[in-house]
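Side chains included, hydrogens not; waters and symmetry mates left out as well; all remaining heavy atoms used. Residue numbers count from 1 along this sequence. Here the structure is a predicted model, which means the values were calculated and not measured.
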Amino acid sequence: MSFGLTFRAAKGCWMVNLSRHCSRGSIGLFVPPSPPADPAKVKELQRFITLSKRLLVMTGAGISTESGIPDYRSEKVGLYARTDRRPIQHGDFVRSAPVRQRYWARNFVGWPQFSSHQPNPAHWTLSNWERLGKLYWLVTQNVDALHTKAGSQRLTELHGCMHRVLCLDCGEQTSRRVLQERFEILNPTWSAEAHGVAPDGDVFLTEEQVQSFRVPSCARCGGPLKPDVVFFGDTVNPDKVDFVHRRIREADSLLVVGSSLQVYSGYRFILTAREKKLPIAILNIGPTRSDDLACLKLDSRCGELLPLIDPY
């Protein structure tokens, strides 16, 4: 499976050329195959939502694959299935300037495409449920800002958001859009062609392409910059974890949407819900770590099934 991007400068304007697979055709490209929705289980989910008065929803990468963003673990179409590449590790990023240079070069090329992704019907449905008072709180493991774009406000971004950038020294927060402009100024003649699309705004580049890429420092203190996300090997802020635990204790039911729950940072909240004896429903294509804890499991596309549910 091949995906191509070309990033080059032309008369002072940065241009991105996307292959046919990376444009509109990619929207369904990263969604694993699933059986037709079971009408009986759809009715069960409808009853689950109808009975919920303080519904907490936790979403994962599977809700955004229908918006054209690949995930890591989906069978046959996830990053782990398509390539031997693995996501960047927090310790490597913090310790090594060359690692940061490689990361930001790849992210710079992938950013115009990644930031242009739009919410799909599943994101809009959950936002509507919040507006109608059905959804009490939304916790997402995603860093793509699609829930925010859909209008969700009662929201915790568990792993942060790629649309924000932090300084590792002073903690100054800036917009990723502003950083893109700084990249362009520092690299007016730099060009790269990438083959392969990864989650979280990443693309694949060769070492030769990366070597001449220049990375800006914090405008406030000169420190190194990092996206405001939790990389693999890092931990979620304890205050944020405690906040989500409190929301779960206030909820009366939990719906998981598009997550295999393989990462403990999300799985622990399922354990909390179980301890509180909350009913748990899971909508995800493929098995999850918590199937045995759920009273209902559905293997369907999030954007096809959720709009079928009447919140009342």
For the backbone of A150 and the side chain of S127, can you confirm whether one donor and one acceptor N or O come within less than 3.5 Å of each other?
yes
Check: S259 and T59 side chains under 4.5 Å, non-hydrogen atoms
no
With no hydrogens and no angle check, just 3.5 Å: does a side-chain donor-acceptor pair link T125 and N128?
no
So, R289 side chain and Q262 main chain: donor-acceptor pair closer than 3.5 Å or not?
yes
Beyond-backbone contact of H163 with E157, side-chain heavy atoms, under 4.5 angstrom
no
Is a side-chain donor or acceptor of W190 paired with a backbone partner of Q209 at a separation under 3.5 angstrom?
yes
Assess whether side chain to side chain contact (heavy atoms under 4.5 Å, CB included) is satisfied between F269 and L158, documenting all intermediate values.
CA-CA 11 Å; F269 300 122; L158 190 64; 3.8 Å; yes
Could you check if a side-chain atom of W129 sits within less than 4.5 angstrom of a side-chain atom of L306, using non-hydrogen atoms only?
yes
Could you grab the distance from atom CG of D252 to atom CG of L56, nearest 0.5 Å is fine?
10.0 Å
May I ask you to test the Y103-K226 pair for a side-chain heavy-atom distance under 4.5 Å?
no
CZ/R246: more than 12 non-hydrogen atoms of other groups inside 6.0 Å
yes
Identify whether L55 and L45 are in the same connected component of the hydrophobic contact network (ILVMFWY, side-chain heavy atoms under 4.5 Å).
yes
How about N107 and F114: do any of their side-chain heavy atoms sit closer than 4.5 Å?
no
Enter the distance from K43:NZ to I309:CD1 here, rounded to the nearest 0.5 Å.
12.0 Å
Using side chain to side chain contact (heavy atoms under 4.5 Å, CB included), reason through L225 and C167 one step at a time and then give a plain yes or no.
CA-CA 5 Å; L225 299 175; C167 173; 4.1 Å; yes
Between CG of D38 and OG of S300, what distance do you get to the nearest 0.5 Å?
8.5 Å
Measuring centre to centre across the rings, with the benzene-like ring taken for any Trp, is F183 within less than 6.0 Å of W104?
yes
At their closest point, which heavy atom of S34 faces which heavy atom of I285, and how far apart are they?
CB-CD1, 3.7 Å
Hey, would you say the H90 and F232 ring centroids sit under 6.0 Å apart?
no
State whether the number of non-hydrogen atoms from other residues, nucleotides or ligands found under 6.0 Å of R154 atom CZ is greater than 12.
yes
Nearest heavy-atom neighbours spanning H147 and I63
CE1-CD1, 3.9 Å
Would you call E181 and R177 a salt bridge, using N to O less than 4.0 angstrom?
yes
Distance check, rounded to the nearest 0.5 Å: L51 atom CG versus S253 atom OG?
9.0 Å
Check whether Q141 reaches the backbone of H159 with its side chain - one donor and one acceptor, N or O, closer than 3.5 Å.
no
Less than 4.0 Å between a side-chain N and a carboxylate O, is that true for R220 and E172?
yes
Do C218 and D169 come within less than 4.5 Å of each other through their side chains, counting heavy atoms only?
no
Write down the atom of L205, the atom of A192, and the distance for their closest heavy-atom approach.
CD2-CB, 3.9 Å
Between T272 and H245, is any side-chain donor less than 3.5 angstrom from a side-chain acceptor?
yes
Mind running side chain to side chain contact (heavy atoms under 4.5 Å, CB included) on L298 and E44 for me, showing each step along the way?
CA-CA 10 Å; L298 299 96; E44 288 185 55; over 6 Å; no
Is there a donor-acceptor contact under 3.5 Å from the side chain of K134 to the main chain of I49?
yes
Do Q153 and E130 come close enough that some side-chain heavy atom pair is under 4.5 Å?
yes
Could you check whether R247 makes a cation-pi contact with Y136, meaning its NZ or CZ is under 6.0 Å from the centre of the six-membered ring and within 45° of the ring axis?
no
Between N284 and K297, what is the shortest heavy-atom contact and its length?
O-CE, 3.3 Å
Enter the distance from C161:SG to R176:CZ here, rounded to the nearest 0.5 Å.
11.5 Å
Distance alone, cut at 3.5 Å: any donor-acceptor contact between the side chains of S64 and H117?
no
Can a donor-acceptor pair be found, under 3.5 Å and without considering hydrogens, that links the side chain of D291 to the backbone of T288?
yes
Give a yes or no answer on whether the side chain of N142 reaches the backbone of A61 with a donor-acceptor pair at less than 3.5 Å.
yes
Closest non-hydrogen contact found for E66 with C302 is OE2-N, 2.9 Å
Test your reading of the model: is there a side-chain donor-acceptor pair from D228 to the backbone of L166, 3.5 Å cut-off?
no
Would the distance check show the side chain of K276 and the main-chain N or O of A251 forming a donor-acceptor pair, the cut-off being under 3.5 Å?
yes
Passes side chain to side chain contact (heavy atoms under 4.5 Å, CB included), L305 versus V42? Steps please.
CA-CA 8 Å; L305 195 149; V42 174; 4.1 Å; yes
Exercise: identify the closest heavy-atom pair between G286 and D299
N-OD2, 2.8 Å
State whether a side-chain donor-acceptor pair under 3.5 Å links S67 with N120.
yes
Can you tell if the side chain of F108 reaches within under 4.5 Å of the side chain of Q180, non-hydrogen atoms only?
yes
Nearest 0.5 Å, what's the CG-CG distance between L135 and L255?
8.5 Å
Flag, side chain of R268 to backbone of S265, donor-acceptor distance under 3.5 Å:
yes
